[in-house]
Amino acid sequence: MALSRKKWNNILIFATASMIAILTLLGDRTAKLPSDAAPLFDDKAPLAQLQLDELWLSKGSQWQCHEDVLNCKTWATAWSEIQLSPVADQQGLAEQESLDAPINVTILVANNSQGQAWLWYQAHGLLVSPAKNWYQIPPSLREALTPITKISAAPVNDATSN
């Protein structure tokens, strides 16, 4: 039995409306912060400096970043306003082999002369404190934590033109 053009149009309209509803619901759910999320920094101990591999940011009169970082203000705001949730099964996470290689993050808080070495499992949204406590970064905050950097051009090998 063949469907008429009108029935196909109705099916397409229904499928499109359903997809929009599902995506809207997912967007609303992932944008909310978990109830146990707490800020890492506060007014008494704000973020002063952050080192992410060779990239850095620093707070003076305004935020300054490594010359390759294109979204300095957004990146600095994301890290200075980061919120974390403690992870319940910390022992299980430490033994997982599926975790990506961690990125070293050195954090310096204002009024403290010594930096803290954290580990960031970027793909899973996990931060590990110097005391080996595990924290989950809410999905809605993860994207802005990665800086947008300039792409450096690779040197051209001119051996083929000889």
Quick one: are Gln136 and Leu84 in side-chain contact, heavy atoms under 4.5 Å?
-> no
Interatomic distance, OG@Ser85 vs CG@Leu127, rounded to 0.5 Å, equals 11.5 Å
Say whether, by atom type as modelled, one donor and one acceptor occur between the side chain of Arg142 and the main chain of Gln122 under 3.5 angstrom.
-> no
Between NZ of Lys150 and CD of Glu67, what distance do you get to the nearest 0.5 Å?
-> 6.0 Å
Nearest heavy-atom neighbours spanning Pro130 and Ala117 = CG-O, 3.5 Å
Flag side-chain contact, heavy atom, 4.5 Å: Trp120 against Thr146 = yes
State, to 0.1 Å, how close Trp56 and Trp75 come at their nearest heavy-atom pair, and which atoms those are.
-> O-CZ3, 3.5 Å
Hey, are the side chains of Trp118 and Ser129 touching, using non-hydrogen atoms and a 4.5 Å cut-off?
-> yes
Is the Tyr121 to Trp134 ring centre distance short of 6.0 Å?
-> yes
Nearest 0.5 Å, what's the CG-CG distance between Leu12 and Asn9?
-> 6.5 Å
pair Val69-Leu57: side-chain heavy atoms closer than 4.5 Å = no
Would you name the heavy atoms of Leu55 and His66 that are closest together and state the gap between them?
-> CD2-ND1, 3.7 Å
Within-4.5 Å side-chain heavy-atom neighbours: Leu119 and Ile103 = no
Side-chain heavy-atom pair Pro102, Val128 within 4.5 angstrom cut-off | no
Nearest heavy-atom contact between Gly115 and Thr106 is CA-CG2, 4.3 Å
Donor-acceptor pairs under 3.5 angstrom involving side-chain atoms of residues 39-50: please list them, not counting sequence neighbours.
| unit_1 | atom_1 | unit_2 | atom_2 | d |
| --- | --- | --- | --- | --- |
| Asp42 | OD1 | Lys44 | N | 3.1 |
| Asp42 | OD1 | Ala45 | N | 2.8 |

Crowding at CG, Asn111 (>12 non-hydrogen neighbours, <6.0 Å) = no
Test item: Ile82 and Leu145 side chains (from C-beta on) under 4.5 Å apart, heavy atoms | yes
Determine whether His124 and Asp100 make a side-chain contact, defined as any pair of heavy atoms from C-beta on separated by less than 4.5 Å.
-> yes
Determine, step by step, whether Ile11 and Leu3 satisfy the side-chain contact (heavy atoms from CB on, under 4.5 Å) criterion, reporting the C-alpha distance in whole Å, the side-chain angles of both residues, the deciding distance to 0.1 Å, and the verdict.
-> CA-CA 10 Å; Ile11 291 170; Leu3 294 175; 3.8 Å; yes
Which value, rounded to the nearest 0.5 Å, describes the distance between Gln51 atom CD and Ser58 atom OG?
-> 10.5 Å
